[in-house]
Amino acid sequence: MEETKNIRKELRRLEDVVDNIQTKLHNTAGLLELIRLGMERLYKEEDTYEISSVIVLKEYLLTINNTEIAKIQTMLTEMKERF
């Protein structure tokens, strides 16, 4: 019984960590969007290597956030249901 309580507690803590990571990824992607907009204004161009690199990085972070983090959250939910 005590072990189950500890597992539940640890799963909640892990869920908080995953939520924190998800928030950080989302915020970083938002900052990259602001950087892209600033670079476009500074360079007065929309298609440079640097801007494209920022866009790719932002999309990569959003993909991780939407796929991998979602998988982890699903796994945590399944584990919580078992305990």
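Being a predicted model, the structure only gives us computed values, none of them experimental. What you see below is based on every heavy atom in this structure, not just the backbone, and it leaves out hydrogens, waters and symmetry mates.
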Is it possible for you to say whether Ile7 and Leu76 belong to one hydrophobic cluster, with membership spreading through side-chain heavy-atom contacts below 4.5 Å? yes
Side-chain heavy atoms of Gln22 within contact of Gln73, under 4.5 Å: yes
Salt bridge (charged side-chain N to carboxylate O under 4.0 Å, His left out) against Lys71, all qualifying residues, sequence neighbours excluded: Glu68
Can you list everything that forms a salt bridge (charged side-chain N to carboxylate O under 4.0 Å, His left out) with Glu15? Sequence neighbours excluded, please. Lys80
I need the Leu61 CG to Thr28 OG1 distance, nearest 0.5 Å. 6.5 Å
In Å and rounded to the nearest 0.5 Å, what is the OG1 to NZ distance from Thr63 to Lys58? 10.5 Å
Would Ile55 and Tyr43 show up in the same hydrophobic cluster when neighbours are defined by side-chain heavy atoms closer than 4.5 Å? yes
Would the number of heavy atoms belonging to other residues, nucleotides or ligands and lying under 6.0 Å from CE of Met39 be above 12? yes
List for me each residue that meets side chain to side chain contact (heavy atoms under 4.5 Å, CB included) alongside Thr4, sequence neighbours excluded, and say none if there are none. Arg8, Phe83
Among Ile21, Asn27, Asn20, exactly one meets side-chain contact (heavy atoms from CB on, under 4.5 Å) together with Lys24. Which residue is that? Asn20
Intermediate values then yes/no, side-chain contact (heavy atoms from CB on, under 4.5 Å), Leu14 and Glu10: CA-CA 6 Å; Leu14 188 55; Glu10 292 300 316; over 6 Å; no
With Glu40 as reference, evaluate Ile51, Ile35, Asp47 under the side-chain contact (heavy atoms from CB on, under 4.5 Å) test and give the passing residue. Ile51
Arg41 side, atom CZ; Arg36 side, atom CZ - distance, nearest 0.5 Å: 12.5 Å
Decide whether Leu62 and Ile64 are clustered together by the hydrophobic rule: side chain heavy atoms of Ile, Leu, Val, Met, Phe, Trp, Tyr closer than 4.5 Å, transitively. no
Membership question, hydrophobic clusters at under 4.5 Å side-chain separation (ILVMFWY): are Leu37 and Val54 in the same one? no
Spacing of Thr74 atom OG1 and Met79 atom CE [to the nearest 0.5 Å]: 13.0 Å
Is there a path of hydrophobic side-chain contacts, each under 4.5 Å between heavy atoms, that joins Leu31 and Leu25? no
